[in-house]
Student: 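Take a look at this one; I'll ask things after.
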Amino acid sequence: MHQTPRSLHHSQADAEAECNVLRKSLDKIAVIKSLLEERRIAAKIAGLYNDSEPPRKTMRRGVLMTLLQQSAMTLPLWIGKPGEKPPPLCGAIPASSDYVAKPGDKVAARVKAVDGDEQWILAEVVSYSHAANKYEVDDIDEEGKERHTLSRRRIIPLPQWKANPETDPEALFQKDQLVLALYPQTTCFYRALIHTPPQRSPG
């Protein structure tokens, strides 16, 4: 059965209304996550810990890996309006040149290891000094024990949205593109090449 122009118009309007509801819901989720992150950072700075537990020297590796995996899985999907391009930090789209990561943001940070070699690690922003043009970041793996002061060129902000292969394929890392990837069960990055980008959903 063919749809009439009127029914097609209603279907399009319904789809747009549904997208608007999704966008508003995602915005609310982002606000809630931001508030929770602010509270966590404030508690960290004040030296408080969840459930009034005494300070822990380190987080067990298995727990940390689970938390990082959950964080990656719950990264919001970018849903733009028709014709709207995905923003910076969506998928493979880099941050703008004047972007400053906020406290609590996850970044790739280039630091000097104990043996003097340099490596990229997963870190969390503590603060940014506009005067010195430098970040203070904590090594994720050390539960805030090891703090680094680094220039902006040693920091890469990580994506804040997932890109949808169906609607925004240009925001995906492409085959053979050079990226930083995490070694399994670690918080250290290595240089890698994309083998297969995310595929279109089966329809």
Side-chain angles (χ1 to χ4, degrees), residues 26 29-78 87-114 117-162 173 179-192:
L26 288 172
I29 292 172
V31 169
I32 292 170
K33 290 181 70 174
S34 178
L35 290 173
L36 290 174
E37 191 71 8
E38 287 176 9
R39 288 181 61 183
R40 186 183 66 80
I41 294 296
K44 183 177 179 180
I45 293 172
L48 302 177
Y49 289 79
N50 290 335
D51 301 325
S52 300
E53 294 177 355
R56 293 172 293 180
K57 291 184 178 179
T58 58
M59 183 183 295
R60 285 186 301 157
R61 177 59 59 88
V63 174
L64 177 61
M65 292 300 108
T66 299
L67 290 175
L68 291 177
Q69 187 176 26
Q70 288 176 348
S71 177
M73 290 177 65
T74 58
L75 201 65
L77 180 70
W78 168 256
L89 295 182
C90 174
I93 302 178
S96 58
S97 59
D98 59 349
Y99 177 81
V100 174
K102 300 182 295 296
D105 281 357
K106 304 297 188 295
V107 297
R110 190 175 185 181
V111 303
K112 281 192 176 181
V114 178
D117 289 340
E118 294 197 335
Q119 62 180 357
W120 287 96
I121 64 168
L122 180 61
E124 182 178 83
V125 173
V126 176
S127 64
Y128 176 75
S129 170
H130 288 275
N133 205 28
K134 289 186 176 182
Y135 284 99
E136 277 198 336
V137 300
D138 281 343
D139 185 339
I140 287 288
D141 200 24
E142 292 296 329
E143 188 66 353
K145 282 174 58 180
E146 189 170 356
R147 185 159 293 179
H148 304 273
T149 301
L150 303 169
S151 62
R152 290 180 63 159
R153 64 185 177 84
R154 289 179 169 268
I155 296 292
I156 300 177
L158 297 184
Q160 296 183 356
W161 294 278
K162 294 177 185 174
F173 289 106
V179 297
L180 290 176
L182 282 177
Y183 282 109
Q185 298 301 307
T186 76
T187 57
C188 294
F189 290 97
Y190 65 97
R191 290 159 65 87

Student: Quick one: pull up CH2 in W120 and CD1 in I155 and give me the separation to the nearest 0.5 Å.
Tutor: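 Answer for the CH2-CD1 pair, W120 versus I155, is 7.5 Å.
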Student: Quick one: closest heavy-atom pair of C90 and W78, and the distance?
Tutor: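 Looking at all heavy atoms of both residues, the closest pair is SG-CB, 3.6 Å.
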Student: Would E124 and K106 pass as an ion pair if we require N to O under 4.0 Å?
Tutor: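 Answer for the salt bridge query: yes.
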Student: Between Y183 and F189, which heavy-atom pair has the shortest distance, and what is it?
Tutor: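 Nearest heavy atoms, Y183 then F189: CE1-O, 3.9 Å.
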Student: Any idea which heavy atoms bring A101 and V107 closest together, and the distance?
Tutor: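 Heavy-atom minimum between the residues: CB-CG1, 4.3 Å.
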Student: Please indicate whether E118 has more than 12 foreign heavy atoms, meaning atoms of other residues, nucleotides or ligands, lying under 6.0 Å from its CD.
Tutor: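 Enclosed.
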Student: Do you know the tightest heavy-atom contact between A109 and V137?
Tutor: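 Closest heavy-atom pair between A109 and V137: CB-CG2, 4.3 Å.
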Student: Run the numbers on L150 and K134 for side-chain contact (heavy atoms from CB on, under 4.5 Å), then give the verdict.
Tutor: CA-CA 5 Å; L150 303 169; K134 289 186 176 182; over 6 Å; no
Student: Give the ring-plane orientation class for Y128 versus Y135, where under 30° counts as parallel, over 60° as perpendicular and anything between as tilted.
Tutor: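 The rings of Y128 and Y135 sit tilted, inter-plane angle from 30° to 60°.
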Student: How long is the span from the CD1 atom in I93 to the CD atom in Q160, to the nearest 0.5 Å?
Tutor: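 Between atom CD1 of I93 and atom CD of Q160 there are 12.5 Å.
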Student: Determine the minimum heavy-atom distance between P157 and A95, stating which atoms define it.
Tutor: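 So the two residues come closest at CG-CB, 4.2 Å.
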Student: CG/L77 to CH2/W161 distance, rounded to the nearest 0.5 angstrom?
Tutor: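 Rounded to the nearest 0.5 Å, the CG-CH2 separation comes out at 12.0 Å.
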Student: Under a 4.5 Å cut-off applied to non-hydrogen side-chain atoms, are D141 and I121 in contact?
Tutor: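 D141 does not reach I121 side chain to side chain.
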Student: Taking the side chain as every heavy atom from C-beta outward, state whether R154 and H148 have any pair of such atoms under 4.5 Å apart.
Tutor: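 A side-chain contact is absent here, since even the closest heavy-atom pair is not under 4.5 Å.
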Student: Is it the case that the side chain of R152 and the backbone of Y99 share a donor-acceptor pair, with hydrogens and angles ignored and the cut-off at 3.5 Å?
Tutor: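 Side chain of R152 to backbone of Y99: a pair is present.
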Student: Answer yes or no: is there a side-chain heavy-atom contact under 4.5 Å between V111 and D139?
Tutor: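 V111 does not reach D139 side chain to side chain.
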Student: Got a second to check how far L75's CG is from Q70's CD, nearest 0.5 Å?
Tutor: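 Between atom CG of L75 and atom CD of Q70 there are 13.5 Å.
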Student: Do you know which two heavy atoms are closest between A108 and L180, and how far apart they sit?
Tutor: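 Reported closest heavy-atom pair: CB-CD1, 4.3 Å.
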